[in-house]
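The first residue of the sequence shown is numbered 1, and numbering continues consecutively from there. Quick caveat: nothing in here was measured; it's all calculated off a predicted structure.
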Amino acid sequence: MQKDLFDVTGMSCSACSARIEKVLERKDGVLKVSVNLLKNSMYVTYDETAIDAGGIAAAVERMGFGASLRGAPGVKEKREDPADAEMCALKKRLVFSLLFMLPLFYLTTGKMAGFPLPASVSGTGNAMVHVLAQLLLTVPVLIAGGRYFINGFRNLFEKAPNMDSLIAIGSGAAFTYSIYASFKIASAMGRGNMESVGYFSSTLYFESAAMILTLITLGKFLEARAKARTSSAITKLMDLAPKTAIVERHGLQGEIPLDEVVTGDVLIVKASASVPADGIITEGSAAIDEAAITGESIPAEKHAGDKVAGGTINKSGYFKMQVSAVGENTALAQIIRLVDEATSSKTPIARLADKISRIFVPVVITIAAAASVFWLATGKSAEFALSVAISVLVISCPCALGLATPTAILVGTERGAAGGILIKSAAALETAGSTDTVILDKTGTVTVGKPVVTDIIPIGTDEKGLLALAAAMEKLSEHPLSLPVIAAAGDLPLPEASDYQMFPGLGFTAAVDGKTCRAGNARFLGDEAAPLAARAEELSANGKTPLFFSSEGKLLGIIAVADTVKPTSTEAVRKLHGMGINVIMLTGDNKHAAEAIRGIAGINEAIAEVLPEDKEKIVRKYQDKGHKVAMVGDGINDAPALARADTGIAIGAGTDIAIESADIVLMKSDLLDVPKAISLSRTVMKNIRQNLFWAFFYNSIGIPIAAGVLYPHFGILLSPMIAAAAMSFSSVSVVTNALRLRFFTPG
């Protein structure tokens with residue numbers, strides 16, 4: 001199975017993208033197609049044994065569109081943004097059209113507005129001069145808008161009409177009728193019938209034909225300018241990678257292009273420079289700005305042995321690093337790929353809009369024809385019926401329907417990426433907002449994930465003395481709980497310890513400065529532990545593990561160790577509760593430890609002594625009760641539960657398999673990003689519903705008014721020019737509304 005990205009040109013509305021998807025999905029070997037109207041691209045998943053990329057591109061070209069294979073976006077290659085290119089092309093067409101449209105508009109409406117007109121085009125006697133002047137000013141505008149006619153009529157003849165078809169029919173009908181009226185004027189003047197000359201001079205639609213195209217081009221330009229602003233995040237990410245790197249090879253240093261850096265190279269990164277690739281610091285230290293990767297604004301201190309990611313910035317310091325990944329294998333490139341694929345995918349609600357778009361244009365053409373026939377049947381003139389038909393055609397806007405969803409998804413997904421929240425598909429973005437139950441894995445998610453010393457309780461000695469003896473003994477042990485004790489001792493001078501003897505499940509003994517010492521649980525120390533037995537039970541009730549230490553049969557004290565709750569976990573749970581979400585924690589710990597963590601974090605329910613294979617079953621149990629479940633985890637044993645959940649959320653510091661199984665990845669490993677992700681989803685879906693409402697509302701109101709339903713009672717009838725302006729405004733308003741998501745800040 002192969003998945004490729006293609007550039008697609010020539011699309012004008014969602015009817016185009018829907019048609020490409022429909023035709024390709026019917027071809028043998030094509031498994032899935034997702035066309036992005038905003039980005040002029042499509043992802044195609046296909047069986048390479050049945051069809052190749054060339055066959056897919058050829059199929060798209062046979063439909064009248066352009067298609068070419070493009071590699072997945074990476075940090076090595078910065079391509080021209082299609083939205084920017086489209087905006088520049090439309091700007092040129094718009095300026096050219098206005099150069100002819102403005103004098104044409106003055107020529108046809110100046111007299112009504114009270115402005116003077118040249119004598120050569122005034123009066124009935126100069127009617128043909130007036131007609132020829134309008135014709136000469138209209139033709140360049142038609143040429144500038146030629147793509148509407150080429151694409152529109154081609155798709156119409158292929159029985160797949162789109163928005164260009166509506167514009168081409170409307171503007172073409174206005175121009176064709178005007179040519180007919182011009183001949184009638186010439187014929188009437190030859191016969192000296194000045195009454196007919198005056199009548200047909202008043203029914204010319206040259207300015208309508210030109211104005212429709214100019215206003216549509218203006219709307220498309222404003223729409224393209226807005227769309228260009230939506231796709232800035234990926235461009236900014238691509239800009240993060242430097243073009244060159246300082247490499248050290250064979251003892252010599254030199255600057256080389258980034259493309260020549262290979263895995264294993266030793267690179268030198270100076271202050272204020274961008275990290276060229278992923279790797280591990282081998283020498284030096286630095287404060288690294290990782291905002292591009294994690295969304296964290298505070299630089300992270302990095303030292304020898306720490307990992308660094310390409311595209312991050314060395315704010316201060318100097319270090320050498322050994323490259324572990326380059327090009328498309330770097331974390332930055334993978335983030336760019338995830339964001340690009342997510343913004344190219346579709347939500348279920350978007351597919352509903354696509355289905356409507358497929359039948360929208362044929363229905364509009366039918367309504368326009370029916371309205372024209374109706375008004376002719378009621379005795380109205382052919383000019384009146386033609387004006388109504390043109391207005392219906394140009395006011396209809398499948399673009400607003402097609403842009404309503406992808407624009408909001410693109411802006412919302414990129415907004416999440418900027419904050420370290422990677423949403424891997426549009427469907428995940430939609431589903432996350434409906435979450436009513438969040439299930440949290442404890443270790444590494446709610447808690448830090450590694451034990452630390454929390455309490456030091458000495459008897460007959462001071463804290464430093466107890467800690468020094470304990471660390472000296474624990475250095476002989478391989479038990480996991482020895483590490484936090486050793487770490488807590490830091491630089492304290494330690495006594496000599498020897499003669500280590502282990503007692504599994506209980507503790508161990510050792511000789512410290514020639515004295516027999518014991519370390520372990522209360523059961524191991526027996527009566528020696530009695531003075532602090534009650535305190536030990538209290539520590540255990542709070543989820544901590546008490547370690548007893550004695551010397552020559554005398555208790556020296558307790559050191560308690562625990563996996564502590566992350567500083568932000570309690571706040572995250574509180575915010576989830578505020579969103580009406582039930583929070584559940586899963587852990588393999590005993591009930592006492594689980595309840596202690598649950599109480600500290602404020603979690604609704606803790607399920608203790610859960611085996612790794614049971615996590616997926618618990619998620620399924622809540623789903624069977626009708627809940628929309630989000631599972632948050634970071635380990636290999638969380639992967640089945642992440643895949644089972646309606647929304648799987650992986651903590652970024654977790655394993656690759658957990659991240660691969662998830663729908664959303666939190667790069668900062670911060671539980672606070674869970675309510676942020678859900679809030680982002682809800683905000684984006686609200687924006688999509690607003691866009692779809694206005695798109696449907698606009699068309700359901702605009703089309704009947706253009707058809708003349710208000711004319712019999714109120715005398716209201718839209719001119720084709722006003723209809724064209726309204727159509728352009730609808731698309732621009734939908735894109736502008738989606739752009740508000742750029743300022744989204746979760747509470």
Side-chain angles (χ1 to χ4, degrees), residues 303-306 442-526 528-529 531-533 535-566 587-590 592-594 596-597 634-635 637 653 655:
H303 305 279
D306 290 338
K442 189 206 80 168
T443 305
T445 302
V446 178
T447 63
V448 175
K450 58 182 180 180
V452 295
V453 171
T454 59
D455 300 87
I456 302 174
I457 308 168
I459 291 182
T461 184
D462 58 13
E463 288 190 3
K464 288 185 178 179
L466 173 61
L467 194 55
L469 178 136
M473 295 180 68
E474 295 290 1
K475 275 199 167 185
L476 304 175
S477 172
E478 295 181 354
H479 194 279
L481 294 183
S482 66
L483 297 177
V485 176
I486 297 169
D491 296 330
L492 286 176
L494 305 182
E496 288 293 326
S498 60
D499 299 333
Y500 171 83
Q501 186 175 1
M502 176 71 177
F503 296 87
L506 296 172
F508 65 93
T509 62
V512 180
D513 286 341
K515 297 179 181 179
T516 302
C517 299
R518 297 205 293 171
N521 55 31
R523 189 171 144 210
F524 182 52
L525 270 71
E528 293 177 20
L532 290 178
R535 189 66 186 276
E537 289 182 11
E538 181 184 332
L539 292 170
S540 296
N542 288 322
K544 302 173 183 179
T545 301
L547 304 175
F548 290 84
F549 295 88
S550 70
S551 176
E552 297 292 345
K554 182 181 177 182
L555 183 65
L556 296 180
I558 292 176
I559 294 179
V561 175
D563 182 6
T564 57
V565 173
K566 289 181 180 179
T587 177
D589 291 345
N590 60 59
H592 287 300
I597 298 297
D634 74 332
N637 57 35
T655 62

What pair of heavy atoms forms the shortest contact from [X] to [Y], and how long is it?
| X | Y | answer |
| --- | --- | --- |
| L494 | A468 | CD2-O, 3.6 Å |
| F508 | S477 | CE2-CB, 4.1 Å |
| A471 | V485 | N-CG1, 4.0 Å |
| L525 | A519 | CD1-C, 4.3 Å |
| A536 | P546 | O-CG, 3.9 Å |
| P495 | V512 | CG-CG1, 3.7 Å |

Could you walk me through whether F548 and E528 pass the side-chain contact (heavy atoms from CB on, under 4.5 Å) check? CA-CA 9 Å; F548 290 84; E528 293 177 20; over 6 Å; no
Report yes if some heavy atom in the side chain of F503 is under 4.5 Å from a heavy atom in the side chain of R518; otherwise report no.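 No, their side chains stay 4.5 Å or more apart.
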Can you list, pair by pair, the side-chain donor-acceptor contacts under 3.5 Å of residues 444-461, counting residues two or more places apart and other chains?
from, atom 1, to, atom 2, distance (Å)
T445, OG1, D441, O, 3.4
T447, OG1, K442, O, 3.2
T447, OG1, G444, N, 3.4
T447, OG1, D563, OD1, 3.4
T447, OG1, D563, OD2, 2.6
T454, OG1, A560, O, 3.3
D455, OD1, K544, NZ, 2.8

Rounded to the nearest 0.5 Å, how far apart are [atom1] of [X] and [atom2] of [Y]?
| X | Y | atom1 | atom2 | value |
| --- | --- | --- | --- | --- |
| C517 | L469 | SG | CG | 4.5 Å |
| E474 | L467 | CD | CG | 10.5 Å |
| L532 | L556 | CG | CG | 10.5 Å |
| I597 | T564 | CD1 | OG1 | 8.0 Å |

Can you list every pair that meets side chain to side chain donor-acceptor pair (under 3.5 Å) and has a residue in residues 494-517, with sequence neighbours left out?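 For residues 494-517: none.
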